[in-house]
Amino acid sequence: MIYDVKYETMSRADMQKLQLARFQKIVNYAYNNIAFYKNKYDAAGFKPEDLNTLDDIRRIPFVTKKDLRDNYPYGLLAVPKESLLRIHASSGTSGKPTVVCYTKNDMEVWTECCARICAAAGITAKDTVQISFGYGLFTGALGMHQGLERVGAAVIPASSGNTERQVILLKDLAATGLVATPSYALYIAEMLEKLGYDIKDFNLKWGLFGSEASTQEMHNELRKRLNIETTDNYGLSEIIGPGVSGECLMHVGMHINEDHFYPEVLDSVTFEPVEESTPGELVLTTLTKDGMPMIRYMTKDITSLDYSPCSCGRTTVRMQRVTGRTDDMLIIRGVNVFPSQVESVLLAMPEIGGQYEMIVTRENYLDKLEIRVEVLDGNLLTDYANLLKLRDKVKQRIKVVLQIDADIKLVEPLTLKRFEGKSKRVTDLRNLK
Ligand code: DLL
């Protein structure tokens with residue numbers, strides 16, 4: 001179902017007209033209400049009145065995560081703190097978290113955008129959806145909660161953790177939908193099997209997965225093991241949280257709510273726009289947020305845009321699955337490696353599980369990559385000849401895709417670390433910084 005026919009099926013010309021008007025408005029608003037933007041634009045010689053066409057936005061300076069940290073916690077607010085309704089934060093890997101604030105208007109935009117992606121993913125008022133994201137400062141749980149309630153679905157706010165209980169709740173409450181990170185959904189599927197349940201006794205139909213990169217192979221695996229239709233959805237706290245974009249049931253990319261979030265995909269070296277369908281770094285602008293607008297925020301996420309019409313009827317531009325982040329990319333012996341490449345190889349092999357760990361070390365100035373994977377059938381571990389054969393097969397397939405040799409370590413089923421939120425697959429011990 002299309003939740004907001006007016007905005008989700010607008011003609012390209014009308015959308016661009018709307019985007020330009022909103023862009024001009026938000027740039028003026030930020031310039032006049034946030035010292036950070038005024039100083040940045042003045043220093044760059046950019047004036048809000050210079051913005052006359054959508055092409056002119058290329059003259060606007062970027063905003064980075066560092067700008068949010070430097071202005072911690074309230075330095076980027078356009079409104080008095082009293083007008084806020086909600087505050088979230090994303091835990092940074094180092095130092096202070098990134099704080100994001102919502103006014104009443106922002107909460108409405110957020111709820112509406114999440115409702116759109118839930119509807120696009122198949123959810124209706126008839127569904128009962130379990131949210132297995134951690135409730136708290138993380139935007140994932142509460143954002144999706146609001147969106148699901150807006151479409152009229154019943155929400156089970158399970159939060160993350162206690163995976164055995166997640167399975168029991170899904171079954172006993174006859175949940176029809178599951179919201180989680182793909183890696184946690186896989187863990188839930190494994191737990192369900194470990195506890196001896198049969199997926200046929202569950203009512204699950206929809207898996208709404210997001211908050212971390214996932215491959216097509218991971219979705220295939222989740223579809224098979226949970227007997228559901230899966231969709232990917234994308235967002236980030238700095239922009240709003242979940243609700244930036246979501247896949248429809250045609251599975252041809254994630255529709256961006258582009259009346260609220262203006263996307264650009266840029267070459268990560270020149271910062272010039274790339275051609276349609278060419279991967280680059282996603283830069284987003286919030287067109288309607290009034291608490292903490294973000295103008296040309298560099299997400300570091302790698303994707304491409306597709307403006308071709310979608311058979312679902314929506315006309316909004318689609319972003320392809322995020323293949324990684326510019327800061328996720330490992331350079332191993334001079335070769336660029338993304339964890340998602342490893343995931344595609346591993347999940348395409350029926351003998352091994354979907355959980356993996358990548359460990360990068362440096363010995364005698366030479367980078368080494370070790371990949372730990374679980375064999376699905378523990379008996380194989382006592383069958384040395386076949387174990388070696390499987391190890392060589394994985395090694396060879398990894399080599400074809402990554403162009404480098406990796407040491408493959410096959411371990412017992414269910415022994416690698418599981419994640420209840422975003423997964424962390426890579427440990428880089430090289431101390432490169
Ligand atoms: O993860 C917001 C969210 C919650 C989106 C729930 C979807 C569902 P942050 O914690 O700020 O916000 O992390 C944002 O996560 O820049 C991407 O690198 C990554 N990410 C989010 N969704 C996807 C996705 C939330 N579908 C960062 N595919 C982003 C790939 C994703 N990466």
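Indexing begins at 1, ligand by ligand and atom by atom, following the structure's order. Along the sequence shown, residues are numbered consecutively beginning with 1. In what follows, every heavy atom counts, from backbone to side chain, and hydrogens, waters and symmetry copies are set aside.
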Checklist line | Per-atom contacts of ligand 1 with A213, taking only distances under 4.0 Å to non-hydrogen atoms | finding: 28 (N), 30 (C), 32 (N)
Item checked: Closest to atom 14 (C) of ligand 1 (judged by heavy-atom distance), picking from L208, L236, T231 -> L236
Margin query: Counting only nitrogen or oxygen atoms and a 3.5 angstrom limit, does E212 reach ligand 1?
Written below: yes
Margin query: Under a 3.5 Å cutoff, is there a donor and acceptor pairing between the side chains of E420 and Y187?
Written below: no
Next item on the list: May I ask you to check whether S308 and D306 show a side-chain donor-acceptor distance below 3.5 Å?
Entry: yes
Note to self: Quick test: of every protein heavy atom, which one is nearest to atom 29 (C) of ligand 1, and how far off is it to 0.1 Å?
What the structure shows: D301 OD2, 3.2 Å
Item checked: Sub-4.0 Å heavy-atom contact, F138 with ligand 1 -> yes
Check: Is the closest side-chain donor-acceptor distance between T163 and Y184 under 3.5 Å?
Finding: yes
Item checked: R325 neighbourhood, listing ligand 1 atoms whose heavy-atom distance to it stays under 4.0 Å -> 16 (O), 18 (O)
Next item on the list: May I ask you to list the atoms of ligand 1 that are less than 4.0 angstrom from any heavy atom of Y234?
Entry: 22 (N), 23 (C), 24 (C), 26 (N), 31 (C)
Next item on the list: Could you tell me whether S214 and ligand 1 have an N or O pair separated by under 3.5 Å?
Entry: no
Notebook entry, point to check: Within the side chain of S423, is there an N or O that forms a donor-acceptor pair under 3.5 Å with the backbone of R425?
Noted result: no
Item checked: Contacting atoms of ligand 1, where contact means under 4.0 angstrom from a heavy atom of G140 -> 4 (C), 6 (C)
Check: Hey, which of V179, L148, T128 is the one that makes side-chain contact (heavy atoms from CB on, under 4.5 Å) with I156?
Finding: T128
Next item on the list: Could you tell me whether F209 approaches ligand 1 through its side chain, its backbone, both or neither, with non-hydrogen atoms closer than 4.0 Å?
Entry: neither
Next item on the list: Quick one: sort the H260 and Y7 rings into parallel, tilted or perpendicular, breaks at 30° and 60°.
Entry: tilted
Notebook entry, point to check: Which of the numbered atoms in ligand 1 are below 4.0 angstrom from a heavy atom of N233?
Noted result: 7 (C), 8 (C), 22 (N), 24 (C), 26 (N)
Next item on the list: Below 4.0 angstrom from a heavy atom of S237, which ligand 1 atoms are there? Numbered from 1 as shown, please.
Entry: 9 (P), 10 (O), 11 (O), 12 (O)
Margin query: For atom 5 (C) of ligand 1, what's the nearest protein heavy-atom neighbour? Residue, atom name and distance, please.
Written below: G235 N, 3.4 Å
Next item on the list: Among all protein heavy atoms, pick the one closest to atom 19 (C) of ligand 1 and tell me residue, atom and distance.
Entry: S211 O, 3.7 Å
Next item on the list: Applying salt bridge (Lys or Arg N to Asp or Glu O under 4.0 Å), name anything that partners K224, two or more places apart in sequence or on another chain.
Entry: E221
Notebook entry, point to check: Is there a donor-acceptor contact under 3.5 Å linking the side chains of Q166 and N162?
Noted result: no
Next item on the list: Report the part of D232 (side chain from C-beta onward, or backbone N, CA, C, O) that has a heavy atom under 4.0 Å from ligand 1; answer both or neither where that applies.
Entry: side chain
Next item on the list: Would you check if there is a donor-acceptor pair between the side chains of T111 and Q146 at a distance under 3.5 Å?
Entry: yes
Notebook entry, point to check: Would H219 and R321 count as having a side-chain donor-acceptor pair, cut-off 3.5 Å?
Noted result: yes
Next item on the list: Starting from atom 13 (O) of ligand 1, find the nearest protein heavy-atom neighbour and note its residue, name and distance.
Entry: K422 NZ, 2.9 Å
